[in-house]
Amino acid sequence: MRRVAVLGATGSIGASALDVIARHPDRLTANVLAAGRNVDALVALCHTHRPDHAVIADPALFNELRAKLADAGVPTAAHAGMQAIDELASGDACDTVVAAIVGAAGLDSTLAAVRAGKRVALANKESLVLAGELVMRTARESGADIVPVDSEHNAIFQCLPARDGRAARDTSGLRRLVLTASGGPFRGRTRESLRDVTPAQAVAHPRWSMGPKISVDSATLMNKGLEVIEAHHLFGVAPDAIDVIVHPQSLVHSFVEFVDGSTLAQLGLPDMRTALAVGLGWPDRLQSGVSGLDLLAQGGRLDFEAPDLDAFPCLPLAFKALRAGGAAPAVLNAANEAAVDAFLAGRVGFLDIAALVADALDAHADAPGGDLAALRDADRRARAHVAARLDRSS
Ligand code: NAD
Ligand code: MG
């Protein structure tokens, strides 16, 4: 029996992971559920999935969680605080961790699980953008198997052969990776026409149903930029060998091109349960609840176009940060999180997201990224930089 900790259980990925787990009571059990602040949603999940442990990240909510679990007659043990999440993700209560906390807040628990040698089904791309070298090096040392569940990276994982039977992929003979992007809700629009788009318009993704932060990232194409950095770390591929192509149907989840001219792709409906089933079942295939791909029913077309780098400058900004190295990707990620928060709160416009990130990168691009402390410091400075900009303009 695989005992799974679902971190970010109340989110979009958490729901998909729990849906797959519940289909396999003979081989999967959700033993730890962790969430940020939504006690009621966490208690409801505990009622359904009966984990041994539930953790709420905000320590002030511990008593409420404990009382509501008791009221619901659920025997799950209550915990609170980020440290409790790290301890449960690395301890005996699980052998597999679904890392689906949103943002840099997911780094510590991802690292704790990797250090402890767990199977990590990794959705939290920000932890790789912030500290990819450290996370991957730690996995090599501990023997942790990281199976990417970001759909593009999961596609690449499926297309590349295994090395030594582990999750690490064999990239010999690889020429380049091509990440597909849906283009988001504003595909085809000019930069100027995006000045006044609202948060509600930005989070209305045409193909995928996701949490608010990644939905805005998809609208700016920063999501694809973060994914380029994620792919670089996961598969050890140089920035020049990673391309992005817009594919509005979101049925081809990425391409892998080899030196002999062969290109492999993974296709499927845009439903994250497929990638989660791969992450949870690998090397076996599991039923995920997702139906097969009927291309005719999907309109019979697969279209591709180049990304518009003028309308969506976040994508080139991410390449710039990756090439700069050091803590530049950490700065990009933190500035983006702060800018997206401000956009969702109605404090800045859509175009300001890229402008704030560019500004933070210009100011802090040379920050050293030697160790975790340096990366955290860069993350803090970038957030402070954006906050100061916001204060000045309000
Ligand atoms: P979401 O906003 O729907 O859910 C986020 C989850 O994280 C919630 O359970 C929330 O309670 C929890 N959380 C937030 N802050 C926390 C904290 N400080 N401590 C503990 N828990 C905290 O987000 P999502 O769409 O599920 O995305 C989760 C991650 O997966 C992100 O990194 C995203 O980029 C990645 N991802 C998502 C999708 C998707 O389809 N949704 C696809 C690929 C990758
Ligand atoms: Mg993705």
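Counting starts at 1 for both ligands and their atoms, in listed order.
Ligand 1 lies out of reach of Ala34, whose nearest heavy atom is not under 4.0 Å from it. Heavy-atom distances between Asp150 and ligand 1 reach below 4.0 Å in at least one pair. Heavy-atom distances between Lys213 and ligand 1 stay at or above 4.0 Å for every pair. Proximity of Gly14 to ligand 1 is not established, as no heavy-atom distance is less than 4.0 Å. Residue contact check for ligand 1: Val149 places no non-hydrogen atom closer than 4.0 Å to it.
A parallel orientation is assigned to the rings of Phe304 and His247, their planes being inclined by less than 30° (bins at 30° and 60°). Below 30°, between 30° and 60°, or above 60°: for Phe235 and His153 the angle between ring planes is below 30°, a parallel geometry.
Residue contact check: Ile85 has heavy atoms under 4.0 Å from atoms 20 (C) of ligand 1. Interface of Ala105 with ligand 1, defined as ligand atoms under 4.0 Å from a residue heavy atom, comprises 18 (N). Numbered from 1 in the order shown, with element, the atoms of ligand 1 that lie under 4.0 Å from a heavy atom of Asn124 read 32 (O). The contact set between ligand 1 and Ala9, taken as ligand atoms under 4.0 Å from a residue heavy atom, comprises 9 (O).
At a 3.5 angstrom cut-off on N or O pairs, Gly211 counts as close to ligand 1. At least one N/O-N/O distance between Gly36 and ligand 1 falls below 3.5 Å. Geometrically, ligand 1 and Ala57 share no nitrogen or oxygen pair separated by less than 3.5 Å. Checked against a 3.5 angstrom limit, the closest N/O atoms of Gly11 and ligand 1 fall inside it. Any N or O atom pair closer than 3.5 Å counts here, and Thr10 shares at least one such pair with ligand 1. Not one N or O of Ser151 is nearer than 3.5 Å to an N or O of ligand 1, by distance alone.
Residue-level proximity to ligand 1 for Ser12 is carried by backbone and side chain together, each with a heavy atom below 4.0 angstrom.
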